Amino acid sequence: MLFNSFAFIVFLPIAFASYWLINNRRLQNLWVVFVSYVFYGWWNWRFLGLIAFTSLCSYASGLLLAKFEGKRSKQKIISAANIVINLSILAVFKYLNFFIENFQLLLSHVGLHIDWVTANIVLPVGISFYTFQALSYTIDVYQGKIRPTNDVIEFFAYISFFPQLVAGPIERATNLLPQFQNKRRFDYSKAVDGCRQMLWGFVKKMVVADNCAAIVNQMWGDYQTLSSVQLLLLGVLFTFQIYCDFSGYSDIAIGCARLFGFNLMQNFNFPYFSRSIPEFWRRWHISLTTWFRDYIYFPLGGSRCDKWKIIRNVFIVWGISGLWHGADWTFVCWGCFHATLLAIYNILGINTKFKNVVADGRKMPNVKELSQMILTFFLAVIGWIIFRAENMSQAVDFLKGMFTHVNYVGPIGFFVKPLLLASCLMLVEWLQRKKTHALQFSSTGIFRYSLIRYCTYMGLLVLIVLNTGEVQTFIYFQF
């Protein structure tokens, strides 16, 4: 079920009202499981068994880890078995054809031609997200960060919680699971703030991302006929599209969870105001980057080793991150591109700079900050072009054309509307960059007046309605 669909408009009020009419924590959790499975099964009910199996394996692993507490060798086998089972499922559905095709290609280079047939496998929506969420539970229990739960209902609710089920944030059991274990009371102020964040998420997705997508989808296939300026603008449009699409989903998910009394982690922290690539990745898809940091980068040694091993660790993590995004060499190269940039920042010793808000205490950035943000944004654009390309040949041709097709400019009028919408959105987010979301108003200033706030909400709703066209799926559903 898509957030931006009529089905969800009907589904949410029913799920919300019924949830708060239930005055029992365990029954509320059971209701969460039920509506979450309805939400997920709306896309394809056949894959409900897959998420149930993943949940059951991870739940059982927690119980077994508790049973053999103190027996480290057996605990290691249990946790490893669950990790292997979950990653094997992910590998079959997401990477089987990729591995077969590349193995065939490798053999062909040594003169062996084997005609293996690739399988017609449908990738389950959100499998990468809920698999990583399940894995983190087992690892955290094994490491003693959390006690395993005996309540199968609350665990199934934790894995399948519908707001963040198919595109994150990837929650940790240390944060989300205890919220299912505690009694929840309706909080009006929390619910109102959740509605505000959902509204801003819908603006991002339906007003900005979908308008950018209309141009990107139309022109990307004809990139060879475009000028350098047009190619650059097309890359910028996709840069805004993927941000507004994905962070818009996260805003809707986080806001929706607050309606049900849950606090999810912040997944985006205004990344396009970053002054370096390391800062960018501290602000983009935070739940995934911290997952890789905690469960792969740190176990490899993290930054507690010599510089060359640090760089090795960075490339391992970002190679895996690229593959997590999709079974294609474009994603691997995208990951290696950012690993190279992060390695350069590390060698220069500036990878941990810029942890504060840009232009803190000032309305505008200074010249140095502005130049740093422009450079970081441009590097992000290069990365997103590789990410969006259908193959590496297209990525190379596209980037080459950006610097060589300078003989003409070509018409750029169709870029104006989406770029104007994106610019307005970025202006609002700049003004609100110290908040967790752009519609989080303070009790001072013009927005302390309820009339101003309600007029703003109505204006944004009208903007959404005026820009509503064909329903566009969210980009990260494919991952």
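Small disclaimer: the values here were computed from a predicted structure and weren't measured.
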Distance check, rounded to the nearest 0.5 Å: [X] atom [atom1] versus [Y] atom [atom2]?
{"X": "Asn269", "Y": "Glu279", "atom1": "CG", "atom2": "CD", "value": "8.5 Å"}
{"X": "Ile464", "Y": "Leu199", "atom1": "CD1", "atom2": "CG", "value": "5.0 Å"}
{"X": "Thr239", "Y": "Phe378", "atom1": "OG1", "atom2": "CZ", "value": "10.5 Å"}
{"X": "Leu421", "Y": "Leu237", "atom1": "CG", "atom2": "CG", "value": "10.5 Å"}
{"X": "Leu177", "Y": "Tyr137", "atom1": "CG", "atom2": "OH", "value": "6.5 Å"}
{"X": "Asp210", "Y": "Ile215", "atom1": "CG", "atom2": "CD1", "value": "12.0 Å"}

Classify the ring geometry between [X] and [Y] as parallel (under 30°), tilted (30 to 60°) or perpendicular (over 60°).
{"X": "Phe280", "Y": "His338", "result": "parallel"}
{"X": "Trp324", "Y": "Phe132", "result": "tilted"}
{"X": "Tyr19", "Y": "Phe262", "result": "tilted"}

Neighbour count >12 (heavy atoms, 6.0 Å) for atom [atom1], [X]:
{"X": "Asn24", "atom1": "CG", "result": "yes"}
{"X": "Lys435", "atom1": "NZ", "result": "yes"}
{"X": "Lys183", "atom1": "NZ", "result": "yes"}
{"X": "Ile446", "atom1": "CD1", "result": "no"}
{"X": "Phe34", "atom1": "CZ", "result": "no"}
{"X": "Arg185", "atom1": "CZ", "result": "no"}
{"X": "Ile412", "atom1": "CD1", "result": "no"}

Hey, would you say the [X] and [Y] ring centroids sit under 6.0 Å apart?
{"X": "Phe47", "Y": "Trp43", "value": "yes"}
{"X": "Phe156", "Y": "Tyr59", "value": "no"}
{"X": "Tyr37", "Y": "Tyr40", "value": "no"}
{"X": "Phe161", "Y": "Phe180", "value": "yes"}

Please check if any side-chain donor atom of [X] sits under 3.5 Å from a side-chain acceptor atom of [Y], or the reverse.
{"X": "Asn467", "Y": "Asn211", "answer": "yes"}
{"X": "Tyr457", "Y": "Arg196", "answer": "yes"}
{"X": "Trp220", "Y": "Gln394", "answer": "yes"}
{"X": "Thr149", "Y": "Glu154", "answer": "yes"}
{"X": "Asn267", "Y": "Ser287", "answer": "yes"}

Item to check | Distance under 6.0 Å and angle within 45° of ring axis: Lys205 vs Phe3 | outcome: no

Next on the checklist: Checking Trp384 now: which residues fulfil ring pair (Phe, Tyr, Trp, His ring centres under 6.0 Å) with it, not counting sequence neighbours?
Outcome noted: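 Result, ring pair (Phe, Tyr, Trp, His ring centres under 6.0 Å) vs Trp384: Trp284, Trp334, Phe387.
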
Under 3.5 Å, is there a donor-acceptor pair between the side chain of [X] and the main chain of [Y]?
{"X": "Gln372", "Y": "Arg275", "answer": "no"}
{"X": "Glu171", "Y": "Met265", "answer": "yes"}
{"X": "Ser18", "Y": "Ala15", "answer": "no"}
{"X": "Arg362", "Y": "Met364", "answer": "yes"}
{"X": "Thr131", "Y": "Ser128", "answer": "no"}
{"X": "Ser36", "Y": "Ser160", "answer": "yes"}
{"X": "Asp245", "Y": "Gln241", "answer": "no"}
{"X": "Arg184", "Y": "Gln179", "answer": "yes"}
{"X": "Asp187", "Y": "Lys190", "answer": "yes"}
{"X": "Ser228", "Y": "Gly401", "answer": "yes"}

Checklist entry - What residue pairs, at least two apart or across chains, pass salt bridge (charged side-chain N to carboxylate O under 4.0 Å, His left out) with a residue in residues 249-258? => result Asp193-Arg258, Lys204-Asp251

Checklist entry - Residues two or more places apart in sequence or in another chain: which of them pass side-chain hydrogen bond (donor to acceptor under 3.5 Å, both in side chains) with Asn182? => result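 side-chain hydrogen bond (donor to acceptor under 3.5 Å, both in side chains) list for Asn182, sorted by chain: empty.
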
Checklist entry - Which is it for Asp140 and Tyr295 under the side chain to side chain donor-acceptor pair (under 3.5 Å) test, yes or no, and what are the steps along the way? => result CA-CA 10 Å; Asp140 285 349; Tyr295 299 119; 2.7 Å; yes

Next on the checklist: Pair Leu87, Leu135 - check side chain to side chain contact (heavy atoms under 4.5 Å, CB included), show working.
Outcome noted: CA-CA 9 Å; Leu87 290 182; Leu135 289 176; 3.7 Å; yes

Checklist outcome for this item: Contacts of Val332 meeting side-chain contact (heavy atoms from CB on, under 4.5 Å) (sequence neighbours excluded), chain-then-number -> Leu323, Trp329, Cys336

Item to check | For Thr138, side-chain contact (heavy atoms from CB on, under 4.5 Å) partners two or more places apart | outcome: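 Per chain and number, Thr138 pairs via side-chain contact (heavy atoms from CB on, under 4.5 Å) with Ser58, Ser61, Leu65, Ser79, Asn82.
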
Item to check | Derivation of the side chain to side chain contact (heavy atoms under 4.5 Å, CB included) call for Met458 and Leu461 | outcome: CA-CA 5 Å; Met458 291 305 299; Leu461 285 171; 4.1 Å; yes

Next on the checklist: Determine whether Glu429 and Arg433 satisfy the following criterion, salt bridge (Lys or Arg N to Asp or Glu O under 4.0 Å), listing intermediate values before the conclusion.
Outcome noted: CA-CA 6 Å; Glu429 294 206 333; Arg433 66 191 183 280; over 6 Å; no

Can you name the closest pair of heavy atoms from [X] and [Y] and give their distance?
{"X": "Phe331", "Y": "Gly322", "answer": "CB-O, 3.0 Å"}
{"X": "Glu390", "Y": "Thr330", "answer": "C-CG2, 4.3 Å"}
{"X": "Val32", "Y": "Ala157", "answer": "CG1-CB, 4.0 Å"}
{"X": "Phe260", "Y": "Leu12", "answer": "CE1-CD1, 3.9 Å"}

Item to check | Pairs involving residues 423-449, ordered by first then second residue, that meet ring pair (Phe, Tyr, Trp, His ring centres under 6.0 Å) (sequence neighbours left out) | outcome: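 Qualifying pairs: Phe273-Trp430, Phe441-Phe447.
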
Item to check | From Phe238, Phe377, Tyr272, residue fulfilling ring pair (Phe, Tyr, Trp, His ring centres under 6.0 Å) relative to Tyr243 | outcome: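 Only match with Tyr243 under ring pair (Phe, Tyr, Trp, His ring centres under 6.0 Å): Tyr272.
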
Item to check | Audit row: Gln133, Gln164, side chain to side chain donor-acceptor pair (under 3.5 Å) steps and yes/no | outcome: CA-CA 11 Å; Gln133 191 155 309; Gln164 47 86 227; 2.9 Å; yes

Checklist outcome for this item: side chain to side chain contact (heavy atoms under 4.5 Å, CB included) test vs Val208 passes for just one of Pro418, Cys244, Cys424, namely Cys244

